[in-house]
Chemist: 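What follows is a single structure, and I will ask about it in a moment.
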Amino acid sequence: MAQALGYVTQTGDGEYEGTLAMGVNARIRIARNAAKEPGSKQPDFRIFSPQFGELGGGWTRTGKTSGREYVSLTLAHPMISQRRVYANLGPASGGRDGEFALLWNAA
């Protein structure tokens with residue numbers, strides 16, 4: 001079972017809002033990257049916190065086995081960890097539609 005680093009709820013505009021646990025208990029918003037140019041390696045999403053500013057980015061990926069899209073996240077901020085932390089957005093266990101967990105990925 002993957003460790004949840006936080007929980008978010010999908011908003012009506014396809015973005016996410018919630019809380020990052022990881023010892024900081026920070027409010028976060030995972031917002032679409034409106035500045036991304038087609039074909040670039042820029043993230044599809046940017047992760048923000050009112051307390052800490054920008055925390056990282058997220059890329060839309062397609063599962064090799066399931067064929068379903070998911071968001072792969074990279075968190076990079078000294079208040080979280082000295083190293084980058086990788087996570088995937090996955091449906092929250094027992095949660096309602098639109099509720100997601102940031103699931104730690106040992107990538």
Chemist: If you measure from NZ on Lys41 to CH2 on Trp59, what distance do you get to the nearest 0.5 Å?
Modeler: 11.5 Å

Chemist: For Gln51, give me all partners under side-chain hydrogen bond (donor to acceptor under 3.5 Å, both in side chains), at least two apart in sequence or on another chain.
Modeler: Ser49

Chemist: Check whether Trp104 and Phe45 end up in the same hydrophobic cluster, where Ile, Leu, Val, Met, Phe, Trp and Tyr are linked by side-chain heavy atoms less than 4.5 Å apart.
Modeler: yes

Chemist: Under the side-chain hydrogen bond (donor to acceptor under 3.5 Å, both in side chains) rule, collect the residues that match up with Asp13, sequence neighbours excluded.
Modeler: Thr11

Chemist: Which donor-acceptor pairs under 3.5 Å do the side chains of residues 70-80 make with protein atoms, sequence neighbours left out?
Modeler:
residue, atom, partner, partner atom, Å
His77, ND1, Met79, N, 3.0
His77, NE2, Phe52, O, 3.3

Chemist: Does atom CZ of Phe48 have more than 12 heavy-atom neighbours from other groups under 6.0 Å away?
Modeler: yes

Chemist: Suppose we screen for side-chain hydrogen bond (donor to acceptor under 3.5 Å, both in side chains). Which residues come up paired with Glu54, at least two apart in sequence or across chains?
Modeler: Arg46

Chemist: Can you sort out the partners of Phe100 under side chain to side chain contact (heavy atoms under 4.5 Å, CB included), two or more places apart, ordered by chain and number?
Modeler: Val8, Gln10, Tyr16, Leu89

Chemist: Could you tabulate the donor-acceptor pairs under 3.5 Å formed by side-chain atoms of residues 27-34, not counting sequence neighbours?
Modeler:
residue, atom, partner, partner atom, Å
Arg27, NH1, Thr19, OG1, 3.3
Asn33, OD1, Ala35, N, 3.1
Asn33, ND2, Pro43, O, 2.9

Chemist: Quick one: closest heavy-atom pair of Leu5 and Ala87, and the distance?
Modeler: CD1-CB, 4.0 Å

Chemist: Is Arg61 atom CZ crowded by more than 12 heavy atoms from other residues, nucleotides or ligands, each under 6.0 Å away?
Modeler: yes

